[in-house]
Structures are given as structure tokens and as C-alpha cells.
J.: 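I have a structure I would like to understand better, so I am pasting it below and will then ask my questions one at a time.
Values below: every heavy atom of this structure, side chains too, minus hydrogens, waters and symmetry copies. Residue numbering restarts at 1 for every chain, and letters A, B, ... go by the order of the sequence lines.
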Amino acid sequence: MKEIINLPVSKIDEEEYHINMGPQHPSTHGVLRLVVSLQGEIVKNLKPHCGYIHRGIEKMCEKDTYPQIIHLTDRIDYLSSHISNHAVCLLVEKALEIEIPERVQYIRTIMDELTRIQSHQLWWSSFGMDLGGLTCFFYGLRDREMILDIWEETTGSRFLQSYNCPGGVMQDIHPNFQKKVHAFLKTFKKKIKDYDRILSGNVIFENRSQGVGILSKEDAISYGVTGPSGRGSGWSCDVRKTEPYSMYSKVQFNEVLRYECDTYSRYMVRMQEMHESMNIIEQLIDNIPAGDHSAKMKAVIKLPAGEYFQQVESARGELGLYVVSDGNKTPYRMKFRTPSFSNLSVLDHISRDMKIADLVAIGASLDLVIPDIDR
Amino acid sequence: MTFNIYDFTSFNRWIDEGLNSIMSPTWALITEMAIIGIVFLLFYAVVGLFLVYAERKVCAFMQNRVGPNRVGPYGIFQTIADFIKLLMKELVYIKDSDKLLFNIAPFIVIIASFMALSAIPFAKGLHAIDFDIGILYVIAVSSLGVVGILLAGWSSNNKYSLIGAMRSGAQIVSYELSVGLSLLTIIVLSGTMQFSQIVEMQSNGWFIFKGHIPAFIAFVVFLISSTAETNRGPFDLAEAESELTAGFHTEYSGIKFAFFFLAEYMNMFLVASIAATVFLGGWMPFHVSGWAGFNTIMDYIPPLVWYFGKTAFIIWLMMLFKWTFPRLRIDQLLTLEWKYLLPINLVNILFMAFLVLMHWHF
Amino acid sequence: MNSFFKYFSDIFHGVKSLLIGMSVTGRYFFSPGQIVTQQYPENRKNLQMFERFKGEVIMLHDENNLHRCNGCGICENNCPNGSIEVIPARITGEDGKSKRIIDKHIYHLGMCTFCGLCVKNCPSNALGFGQEFEHAVFDRSKLTKVLNKTGSSIIKGVE
Ligand code: SF4
Ligand code: SF4
């Protein structure tokens, strides 16, 4: 009996208890499991367990030809499917050294920015919902619907479009496309003010987010936290600026940076990015040059043997694509560097000694998409 | 007997005398209690179901949706359908839960709100008991519900539930103070705790107008703190859906869950009717002293309409809170109470007392 | 004194921001014209999908029950999910030569990811996307469809 009592149990262990947040939990937005050690309400540490929605996309890519890979990259980060597809196309085009028509570049850039806006809209919705403001969810989805309609008209799908293809886009834009995008920009510029009125300026929201989840610039860099989350820590990591692709070198836009390093600053970066994206679209939408919607491609696309890397700025951060080709029509190895995976890795670090409620807010501010983590 | 929708006193007396004439006084009393019990049960069910429906419709309109519209015209039978569904659901028993406490917790919650209902005057002469310490009684009884929530969280053998219950304990204990003090502010003005007298005194102007600034501050404080006390958003930390899945009632299913659900809405109705009675004159029509013509026109609107109208307005306000604001964090919740509401309240009472002494109220 | 002021300005700004937020939801509450919900299935009759909407893969038939598919199998090769099976047959044509035609063009809707590659790559544009989207069935086998209609044949001159 005595031995049992004298077992060397550290003091911390006695006071800590563990809860499983997920795999089915309202605020993990999917099947992410966080094992959280708590002391009362204080998060002592947490271990993310991922893999619940692992589909082996990298392996599946090895049996697919390059045009076929597009339908898989749709499903990595389903909220920026168009951008992931863009990465594959850019990689193939770079490897084959194909000249892409201007029109395609315009269309792709506009689509990318629409993707970014709708992703941020959905993020805003779920951010509001995670903090308990359920109405935000519906406002965000309501406005996102307009983008989905634009997509549906042009690409035929609302969500997983598979619209890009190596060499161009599947179909030319619908005649209504420009008109609808203009209508959307006009409406959304009004509605985004509501976003600020209902959440950004709200005193409860400010208290919930300011000073919560401090991620210093050094940590952001060493953990590889890219995208709006990294820029919220003042790290200038926008691939659109550092390694411009498509039209990004030719349009005027600001890289949104904030230096508060907390949840609020990550929030504000995304809010301002929506304005920047609208700005980019406005510059492009009226000037789409006439031309073909696709370059001439061979029927079977074979990359020359070698290694290729392409990065793009997805709505969540830097999406890297690494392909080893042995000269066949399918890649020998395909590796995705997905932003959510790196962003998740910092969650433990920045949510220590915060409350459970803060953990939810921090998780929401990192804008994790679980299939993007698990692939 | 004359049935009069403006004054239920004679109607009550008629029932009382009728019962006394056919049975002994003890039995008459028991029968009256039974009648009141049944009437309240029905009322409770109807109001609860209606409020659930109303909340869903109201929030839908705020969110550019249409809300329930499938069951019956405008979906009015939706909550009844939901209720039937809940009745038929299996009651899940949780391994290693404290069976007794787990089972009685919903009843404690629902009984607490049920008891508080009895002191509310719905119209002239239409109340179960007219305590001379009515306000005190309501405060005391309605806060019993927290015991049920604590027990529910404790006995479910679930960490989420436990966190939720502990949060709700801290929350209700602190906000009880503000609720009490803001009502006390009005008691300073009225000089009585009896609901019927409080209402009578507002015949020449509601207290929120009579006591102007301090009464208005007290009203706002009461609204905030009573929203917190009923565990509704933005103070729904005990449930905190995005953090604790469902908080203290995570493990409840079927009809026991329905009890918690109903009790939440009844508590909302309860605090709304207290606010309506104490600050907005309860069933008393809108009177402006001096305007005799206007006052008589107002008198033609039945008191029940006034009462339910005011209550509905306050319930709508509370729904507006819930569907607009994000949730507070537990420490911010306590900061709000102890650093803001309580000091304001205390100063406000002094202010009101000063006002009453100087006869600066109307 | 400074903190005293801050206390009250905090309260003031807090209350103001809350009221602004309430004005948004309140305004929407009183403007039912802004409701965006679509009343499906009531609006089924006049629900018009976009012309490019990818509901399902179909084989385009004209009014004479003629299609353009010659059974080359390119769509089958292009499909990343193996949701198309082309079963060709051989017949003897009028000129006496043996000729390949489509016997069954089998399409597994349940495996299709609507990538559009089959439609895009078909050399004779025999395929297209249908607008039908109510695909729920009780039996999975019902999702396997034969795209060329019974009795249909290939348009002359397409081969
Ligand atoms: S549908 Fe087109 S690609 Fe497929 S077998 Fe027929 S002709 Fe060939
Ligand atoms: S749309 Fe894509 S997945 Fe579907 S049948 Fe055609 S090629 Fe296959």
C-alpha cells in the first residue's frame, strides 16, 4: 500500500486532465482531434492527432496523369480548390515550357481571387460561429453564394470545379461572367461593412481576440506559418509578391501585414485581404484580352525526367507542389506542402496557458481546413 | 358573476366561493391548488413551445432565412413535432454516472422556473399567489435552477459537462447580485416588494419613466444580468456549443434534454415578465398623468395584451442579444459583473435613494 | 484620474459597438425582402440550373435517337476514377467492312467526380453534362447507367 502512495507522480499530472476535442467537435470543423491537457480551464498543452481524413492523395497522384491530378488537388483544400489546381497547371506548364495565352492568365487570376474571397468569407462565418455569434455564419454563407453562382455558371460546379487544366482552362468564361462579377463586387462592398459592424468592431470580439494566441514573427518563420496567419505576425510571406505567377506581377495590390501578432491581427489581415482581392479583380475584370482559353497541348502530357517545384499562395498560405518525374505520363512522386499542416503545428505553441475558449478562437484564426492537413 | 377581461378579481372570487359552497374549506383549497397547477402546466407547455418556435423564427429573420416552414402553416407545429420526436427518443444511460442525481437534475431546473412563475401577475387579479415579498421570492426561487445545472454537470461523468456546470455556477452566483441589486433600485422607488402593488403604483407612469435615469440604468443592468442568469447567449458559457459541444446537458437525451431546453425558454419568459412587471408596468396600460382622454383609450386595451406585449418585446431584445453577439470568455464574464455592473449598480442605488429623498422622480 | 476616464470611455465604446451590432441584425429582422432562402422542392418546377451545370454525364442523343459515339474508349482511358466502361461491338457495315460501334457505354455515377475530362476529350463530342441533380436512390446499383439509349445508333458520317 505504501509503495502505491509513494509512487513518483509529478504534481502537474495530478492537477491536469485531458479532454478530447474532436474528432467530432463543433469547433474543429472536421475530423481533427486535439488531445488537450487542461488545468481547470487553462490549456497546458495539446497534441493534434491528424489522419482521420487521410485519403492518400499523394499516392493516388502517382497513378494519375497530370490532367487527372487536377480532380484530386480539388479535394486537398476544398476551399481553395481553384488555387491548388492552378499550382499543378503552373508546374506542368513550367516543366514543358509552354507559353500560356494572356486570357487564361487573366481568368485564372480572377478565379484565384474569387476563391480567396469565398474562402475568407467562409472563414469569417465560422470564426463568428466559433466565438458564439451564430448570425455571422449565415451572413458569410449568404454572400459566398454569389461567388458560387458565378462559378457554377462558368465552370459547372459550385465547389470542386476542376476548371483549370494544364495549358489553360476547361471552358471559356460564360458571357455573363463579367457582369456577375461586377454585381458581386458591388454588393459585397456594401455587405462587408456589415461584417465590420457585427464582429470586427464589437467590444466582446475585441476582448476575445486581442492579446490571444501571440505568435511572434520568429516563431511564425520557424514553424513555417504562412499565409494570412503568418502575415498577421508581420512576416512578409505572400507568394504572390515574392514569386509572382500569372498576373500578380502586373497588378497593383498591397501585401497586408499586421504586427500585433495575435488572433485579432490574423483576423484583420484576412478582412483586409478580401478588400485587396476585390481590388485585384477590379483591375483585371474589364481588361480580359480576347484569345483562346487554352494553349495547344499534346494529347498525352509527359514531363521530362527531373524534379519540379511550384508554389502558389492559397487562401491559407503557401501551397508547395513538388514533383519528381521519370519521364512518364504520371509523376513518379508527388508531394504537397500544404499550409494548414504547418499552421496546425504551431497551435500547441501559441495556445499554451490560454483558456479553452481562447483555444477555439486561436484555432479559428489559423483557418485550418482538415483535409488540407491530412491530404 | 361577471367575467371581465380587465379585472379577474371577481372571477377568482366566484370560483373560490363556488368551491367553498360545495366542499369543506380544506378541500376547496386543495382543489384550487390543483386547478392552478394544471393551468400552469398547460401554460408552461404552451409558452415553452411557442417560445422555441418564436426564437427559431426570429433568428431566421435576422439571418435572412425563413426559419421553420414545413410543419403546418408557417411551420407553427414544428416545435410540437420536435417535442414528439424528443418524447420518443431513447433515454441514454451513461456508464458510471450518478443515476439518481442525473435523473433528478432536469426536474430541479424545471421546478425552479415553475415555482417562480406563480408570483407573476398576468393581469389584475390574475396571479397564483400575491406575496408581500414577491420580488424576493422570485429571485430566491429562480436561482434554485443552478443547483440542477450543477448536478447535471457533475453527475454526467463527462468532462465537458463538468466544465460547463462549473462555469454556470460561477456565472449565476455572480449575476444573481446584479439582478437583485437592480430590482432593489426599483424597490427603493416603489417602497414595496409586492408585485400587485408595484403594478398599481405604475398606473400614472411606468417606473422606467418615473425613475428616469437610475431606473433606466437599472433596467439595462437587469437586462444584461438576467440574460446571463438564464444562460443565454452571449452568456451561454455553460453550453458554449463551439467549446463544450453542449456543456452541462451533453449527455442528456430525449425528454430529459427537452426539460432543460424548455426550462431555458421558461426562464427567459420569467425574467422578461419580471422586467416587464417591474420596469414597464406589467399589465398596466401606458398612462401619462394628465392626459385623461389618452389614458382611457389605453385602458380599452386588455391588460393581458399589455402584459404579453411587453414581455414579448423584452424577449425579442434578449433574442437580439443572443443572435448578434459573440460569446464572452469566463474571465471576461466575471470582469463584466464585478468591475462594471456591480459598481454601477451600487452607485445607481444611492443615486435612486437620493432621487427619492429629494422627490425628483415623477 | 486617467484610469477613471478610461473606465467610462470603455463602457461608452463597448455599449456603442454593441448597439451598432444590434442595429445590423435588427435591420435585417425588419427587412424580410432580403431573405435569400430558396424554397426547394417547391420551386422544382421553375428551378433552372445553369447550362454548364455538371449534374451527370450523359450521351447526347438527337430526336432520331442517334448519338455520335463510336466506341473508341478514349473517355474510359481519361477517366481518373474508372467510372466509365466502354463495351464496343463489331458489326459489318454496308460496305462489307467490319466496323466498331458502341454496344454499351456504362457510366458509374457513384464513382464520378465530375472532373469533365471524358466530356472534354471525347473526339466526336458524344458526351455532355446533364442538368439532373436529384440522384438519391435506395440502391447503389441504380447509379450504374447505360448512357447509349436502347435502339440508338450512331449518326452517319461521324465515325
Ligand atoms: S463517348 Fe466519345 S470518347 Fe467515349 S467511347 Fe464514345 S466516342 Fe469514344
Ligand atoms: S466526369 Fe470525370 S470522373 Fe466523371 S466519368 Fe467523366 S472522366 Fe470520369
J.: Salt bridge or not for A:Lys59 and A:Glu62, using N-O below 4.0 Å?
T.: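 Yes, A:Lys59 and A:Glu62 are salt-bridged.
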J.: Could you tell me whether the side chain of C:Asn148 and the main chain of C:Asp103 form a donor-acceptor pair under 3.5 Å?
T.: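 Here the side-chain-to-backbone pair exists.
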J.: Can you say whether the rings of A:Phe188 and A:Tyr195 are parallel (under 30°), tilted (30 to 60°) or perpendicular (over 60°)?
T.: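 Judged by the thresholds at 30° and 60°, the geometry between A:Phe188 and A:Tyr195 is perpendicular.
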J.: Is it the case that the side chain of A:Asn328 and the backbone of A:Thr330 share a donor-acceptor pair, with hydrogens and angles ignored and the cut-off at 3.5 Å?
T.: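 The answer is no, because no donor-acceptor pair under 3.5 Å joins these two groups.
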J.: Highest number of heavy-atom pairs under 4.5 Å with chain C: which of A:Ile70, A:Thr135, A:Asp196, A:Asp194?
T.: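 It is A:Asp194.
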J.: Which region of C:Asn81, side chain (C-beta onward) or backbone (N, CA, C, O), has a non-hydrogen atom less than 4.5 Å from a non-hydrogen atom of chain A, or is it both or neither?
T.: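 Side chain only.
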J.: Most heavy-atom pairs under 4.5 angstrom with chain C, which of A:Leu72, A:Leu199, A:Asp149, A:Ile69?
T.: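 Most pairs with chain C among the choices: A:Asp149.
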J.: Where along residues 22-29 of chain C does a heavy atom come under 4.5 Å of chain A, listed by residue number?
T.: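 Residues of residues 22-29 of chain C touching chain A at under 4.5 Å: C:Ser23, C:Val24, C:Thr25, C:Arg27, C:Tyr28.
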J.: Could you tell me whether a side-chain N or O of C:Gln131 sits under 3.5 Å from a main-chain N or O of C:Glu51, the two making a donor and an acceptor?
T.: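 The answer is yes, because a donor-acceptor pair under 3.5 Å joins these two groups.
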J.: Using non-hydrogen atoms and a 4.5 Å limit, figure out which bit of A:Asp74 sits close to chain C: side chain, backbone, both or neither.
T.: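 A:Asp74 has no heavy atom closer than 4.5 Å to chain C.
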J.: Run the ring-ring contact (aromatic ring centres under 6.0 Å, His included) test against A:His71 and tell me which residues pass, sequence neighbours left out.
T.: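 If we apply the ring-ring contact (aromatic ring centres under 6.0 Å, His included) test to A:His71, skipping adjacent residues, there are no hits.
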J.: List in chain and number order the residues that pass side chain to side chain donor-acceptor pair (under 3.5 Å) with A:Trp124, two or more places apart in sequence or in another chain; answer none if no residue qualifies.
T.: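 Partners of A:Trp124 by the side chain to side chain donor-acceptor pair (under 3.5 Å) criterion, ordered by chain and then number, come out as A:Tyr267.
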J.: Which region of A:Asn202, side chain (C-beta onward) or backbone (N, CA, C, O), has a non-hydrogen atom less than 4.5 Å from a non-hydrogen atom of chain C, or is it both or neither?
T.: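 For A:Asn202, heavy atoms of backbone and side chain both lie under 4.5 Å from chain C.
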J.: Could you tell me whether C:Phe4 and C:Phe8 have their ring centroids closer than 6.0 angstrom?
T.: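 Yes.
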J.: If you count heavy atoms of other groups shown closer than 6.0 angstrom to NZ of A:Lys189, is the number above 12?
T.: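 It does: A:Lys189 NZ has more than 12 such atoms within range.
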J.: As an exercise: rank C:Leu117, C:Asp10, C:Val119 by heavy-atom pairs under 4.5 Å with chain A and give me the winner.
T.: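 Heavy-atom pair counts peak at C:Leu117.
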J.: Does any donor atom in the side chain of C:His108 or C:Glu85 lie under 3.5 Å from an acceptor atom in the other side chain?
T.: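 Indeed, the side chains of C:His108 and C:Glu85 share at least one donor-acceptor pair under 3.5 Å.
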J.: Could you look at A:Thr154 and say if it's the side chain, the backbone, both or neither that has a heavy atom under 4.5 Å from chain C?
T.: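 For A:Thr154, heavy atoms of backbone and side chain both lie under 4.5 Å from chain C.
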J.: Does anything in residues 157-170 of chain A reach chain C? List residues with heavy atoms under 4.5 Å apart, or say none.
T.: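 Near chain C, by residue number: A:Ser157, A:Gln161, A:Ser162, A:Cys165, A:Met170.
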J.: Would you call the rings of C:Phe133 and C:Phe53 parallel, tilted or perpendicular, taking 30° and 60° as the class edges?
T.: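 Perpendicular.
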J.: Could you check whether atom CZ of C:Phe12 has more than 12 heavy atoms from other residues, nucleotides or ligands sitting under 6.0 Å from it?
T.: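 No, CZ of C:Phe12 has 12 or fewer neighbouring heavy atoms, counting only those of other groups under 6.0 Å.
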J.: Could you tell me if A:Glu153 and A:Asn176 have a donor-acceptor pair between their side chains, going purely by distance under 3.5 Å?
T.: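 A pair is found: one side chain offers a donor N or O, the other an acceptor, under 3.5 Å apart.
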